[in-house]
Amino acid sequence: MSRGTKANPEWTGFQESRPYGPKYDLRTDFVMVYGISNDLPERIEGWKKAGYTIHLMTGVSWGQYQDYLYGRYDGRDHWDEAQAERGGTHLLHGKDVPYMVPTISFAEYLASHIKKAIDCGVEAIHMEEPEFWAAGGYSEAFKREWLNAYGEGWIPPHSSPDAQYRASKLKAAVYYRALDRICSQMKEYSLVTYGRTVRFYVPTHSLINYTQWRIVSPEALLVSMPSCDGFIAQIWTGTARTPNVYQGVRRERTFETAFLEYGIMQELTRGTGREMWFLHDPIEDNPRYSWSDYRKNYRSTVVASLLHPGVSQYEVCPWPRRVFEGSYPTEDGTGKETIPGSYATVLLTVMSVLRDMHNHEEAEAGEAYTSGVGLCLANSAMYQRGEVLAPGEEEAAAFKYDGTTTADLLSPPQQELLDWSSFYGLALPLVKDGIPLRPVQLDNILTFPGYLEDYRVLLLSYEFMKPEHPGIHQAIGQWVREGGVLIYVGDGSDPFHGVQEWWNNAASRKRYERPEQHLFESMGLGLDPLEGEHSVGSGAVLVHRIDPASLSRSGEGAKQVQASVRRALAIRGEEGQYKARGHLQIRRGPYLIAHRLDETNTAEDIRFEGRYIDLFEAELPVLQGVALKPGEDCLLYDLSWTREGSGAAEILISSSQIRDERLEANRLTFFSESPSDMTVSTRIRMANEPVRAVAGGQPAEWSRDAESGTVLVRYPGSPEGVEVTLEW
């Protein structure tokens, strides 16, 4: 649901910094013209002539802002506002492109640029990636922010858990302030100057990714910001391939990580009235992979996103020019190649599916699966990701979030920061068991009534995050009393339990050593209930006194998580409702979407009987039954599904945008819009064999599958539209 005013539907869109180009004209509903430069009016005009609704996207933490840095904006050098790590090294996104501390001055500078975009008539603004690195917090600007916020001199973040936690909490707060200031000010400017409403969105990585990559962002704070209309969930191969640990093995798990990432972003806006677009990227920022690698991981992220039916809007591609015109390494590493023609067709087919997804609700599951299981995650997880060093202690080694650091060079605390196993130790065992686990945005529990109504079992640990308000515990307690089962996992070893927060504030009526003590006491269990099961009203609490990170290190740890959820359901009287299976699947209208899990003990064969169109292949082949091997994905069109009122011929799927479809006595005519220099595939259900097929005035290639009663037509694409006619 939009909180702003839209002139046209905006189900799919993409972002592009280059002027209009027919090779990457994806024919979506809107385009986000990227960056505010002198040629902005010309770029906007080019895309507007192509029929697009125009948005603007620009970076809020980094960008081509050298005029501000070097004093050309206001006569003062602003390099003191660049984020800096311990030792004073600036954190850079590129040459002369630092990540910024979002000071009030910097917010005013950004606002002056946003005005130019509003003057050009854009309908929405996307303030991209409010990011403050956990390793930062050492610049002069941040020291000033600390003094203003806390009324005391700056304390080095690495000096104690409390200093690290307070620094990161402040980092989130100053980015919230900047966004609130810019968005509110510019909404007023648009109304006063032009009498029109401009919408503001925040494209952001998931809370899961930011936490693992050790980045702080406002994230859940923005859901309650009046001037924020929604988000783009920036999830793609580059985030989802970040290695994690399961049963003691550290490796990439793109599907599982993406599934959890899209899940937390769905839950971020569920029931809040804010919009959410899911992003997909056919490649990624790292240009060193081959097309086959990109393709495999893209399929996994697309399938992972479609398993979350609460979102039906998509950014189908960032930077399509680099996809359709860029070159990447060949399989043998001897050279580079542009996108294979067949893969370009596949990508446009998937984008067409994404455009159609809002028309279809989740269908009733053909087989039962375990729903209503959630794992709580809070903004505060980001606040515990900076290093803490004892006096005189030095870093064991420099390390990065991307898993390339040699593990044996790291100290144990660094390795945990890299892997974030305290979260994955609870999450991966359930996903690997085929349980559609939902990460639950803990911060929303208090803000949005009824947020927990769809959950039967919740897992919670304060060993990697903290509750930011005691009222959260009242909401959880009420949910348990009404029949929910809470699984609490934690041994109290996290040093961040001692940070200066509400549960141990000297001014409080009662102080607690750890926040879960307040939770347990509020449910009548005392401060430190023993390991085991405890009844609370109509529900129960299961307490496991163990470090959740340890659960990632062995098969026994994974089994313990699975057994605990199985027991929680049994307590609810739902014994046997834990459905361990080797895959995750969903049906949305005619679409069957599934992933066969690997690293699972479930030996079942995954086969879907029936007749389907394979949407991950350029020729849209018709398959009789589909089997999945471990690690494989599928996106299928079920030919047993029919629309109401379908006639003698109907278009089922196309790698293009279809408009002006007309069915006459023995003729079907339509216009097909797509990027240029590609081959369009369109599969049509037809009772009769065609006698003639024409596209753009030329004979079109076609073939008929008699058993399915469908025809495949292939022809060159054009963004202006190709008229296609079939006669029978």
Side-chain angles (χ1 to χ4, degrees), residues 11-12 233 235-237 240 253-263 265-266 276-282 295-316 346-371 431-432 434-438 579 581-598 600 604 606-617 620-623 625-641 652-653 655 683:
W11 300 112
T12 59
I235 298 157
W236 74 102
T237 298
R253 295 179 174 87
T254 300
F255 169 80
E256 292 84 356
T257 305
F259 178 79
L260 293 166
E261 284 198 77
Y262 286 116
M265 295 305 282
Q266 174 183 264
M276 177 65 74
W277 286 272
F278 280 171
L279 175 143
H280 306 99
D281 192 349
R295 177 171 182 155
K296 179 182 183 299
N297 285 285
Y298 173 73
R299 290 170 64 141
S300 290
T301 56
V302 167
V303 166
S305 76
L306 292 176
L307 290 168
H308 299 282
V311 173
S312 298
Q313 296 172 265
Y314 304 94
E315 181 182 349
V316 299
V346 169
L347 293 181
L348 271 295
T349 299
V350 173
M351 293 174 191
S352 177
V353 169
L354 297 174
R355 186 184 301 118
D356 184 49
M357 200 57 64
H358 71 276
N359 291 311
H360 307 290
E361 299 289 335
E362 178 183 6
E364 291 294 326
E367 59 177 292
Y369 63 89
T370 305
S371 63
V431 177
K432 286 293 190 181
I435 306 299
L437 178 73
R438 301 293 188 200
K579 304 290 185 180
R581 56 184 190 169
H583 70 291
L584 288 166
Q585 75 171 80
I586 195 173
R587 288 182 181 267
R588 298 174 72 168
Y591 304 109
L592 172 60
I593 305 123
H595 174 86
R596 173 75 185 274
L597 296 155
D598 60 4
T600 176
E604 63 174 336
I606 307 302
R607 183 175 176 83
F608 302 110
E609 301 297 341
R611 188 171 280 119
Y612 301 94
I613 302 171
D614 187 346
L615 304 179
F616 277 147
E617 294 297 332
L620 301 175
V622 176
L623 308 177
V626 175
L628 291 182
K629 297 178 182 178
E632 289 186 340
D633 307 274
C634 68
L635 175 58
L636 306 171
Y637 188 104
D638 188 346
L639 284 167
S640 69
W641 189 89
L652 300 178
I653 195 70
S655 51
R683 189 165 286 280

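Closest approach of V311 to M276, counting heavy atoms only: CG1-O, 3.5 Å. Considering every non-hydrogen atom in both T349 and S655, the closest pair reads OG1-CB, 3.1 Å. For the residue pair L628 and F608, the shortest heavy atom distance occurs at CD1-CE1, 4.0 Å. Across all non-hydrogen atoms, the minimal contact from L636 to L615 is C-CD1, 4.1 Å. Nearest heavy-atom pair across K432 and L597 is O-CD1, 3.7 Å. Smallest separation of non-hydrogen atoms from F259 and P436: CZ-CA, 3.9 Å.
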| query | Can R295 and E617 be said to form a salt bridge (charged side-chain N to carboxylate O under 4.0 Å, His left out), step by step? | reply | CA-CA 11 Å; R295 177 171 182 155; E617 294 297 332; 3.8 Å; yes
| task | Kindly determine whether V431 and L584 satisfy side-chain contact (heavy atoms from CB on, under 4.5 Å), including the steps that lead there. | result | CA-CA 8 Å; V431 177; L584 288 166; 4.3 Å; yes
| task | Please test V353 against Y314 for side-chain contact (heavy atoms from CB on, under 4.5 Å), starting from the C-alpha separation and ending with a verdict. | result | CA-CA 11 Å; V353 169; Y314 304 94; over 6 Å; no
| task | Applying side-chain contact (heavy atoms from CB on, under 4.5 Å), run through L306 and L635 and close with a yes or a no. | result | CA-CA 9 Å; L306 292 176; L635 175 58; 3.9 Å; yes
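Side-chain N or O atoms of T257 include none that pairs as donor or acceptor with a backbone N or O of T254 at under 3.5 Å. The backbone N or O of L348 sits nowhere less than 3.5 Å from a side-chain atom of S352 that would complete a donor-acceptor pair. Judged purely by atom type and a 3.5 angstrom limit, R611 has no side-chain atom pairing as donor or acceptor with the backbone of V622. Remark: side-chain polar atoms of Q266 are paired, donor with acceptor, to backbone N or O of G310 under 3.5 angstrom.
One finds the CG atom of L279 at 9.5 Å from the OG atom of S305 (value rounded to the nearest 0.5 Å). A distance of 11.0 Å separates CG in D638 from CG in L652, rounded to the nearest 0.5 Å. Once rounded to the nearest 0.5 Å, the distance linking CG of L592 with OH of Y612 reads 5.5 Å. Note: R596 CZ to F255 CZ = 13.0 Å, rounded to the nearest 0.5 Å. If you take OG1 on T12 and NE2 on H280, they are separated by 11.5 Å, rounding to the nearest 0.5 Å. Within the model, atoms CG of D281 and CG of N297 stand 11.5 Å from one another, a figure rounded to the nearest 0.5 Å.
Between R587 and E362 there is no salt bridge, since none of the side-chain N atoms of the basic residue sits less than 4.0 Å from a carboxylate O of the acidic one. Between R355 and E315, no side-chain nitrogen of the basic residue sits less than 4.0 Å from a carboxylate oxygen of the acidic one, so the salt-bridge criterion is not met. Look at K629 and D598 and you find no salt bridge, because none of the NZ, NE, NH1 or NH2 atoms lies under 4.0 Å from a carboxylate O.
Considering R588, H360, H358, E361 in turn, R588 is the only one that fulfils the side-chain hydrogen bond (donor to acceptor under 3.5 Å, both in side chains) rule with S312.
Within the 4.5 Å cutoff, no side-chain heavy atoms of F278 are placed close to those of Q313. Annotation: side chain of L347 is in contact with side chain of Y298 (closest heavy-atom distance under 4.5 Å). Counting heavy atoms from C-beta on, the side chains of I586 and P309 come closer than 4.5 Å. For the pair I235/M265, a side-chain contact is recorded, criterion being any heavy-atom separation below 4.5 Å from C-beta on.
In this structure, H308 and Y262 have tilted ring planes: the angle between them lies in the 30° to 60° band.
Between Y591 and Y637, the gap from one ring centroid to the other is short of 6.0 Å.
Side-chain polar atoms of R581 and T600 form no donor-acceptor pair below 3.5 angstrom.
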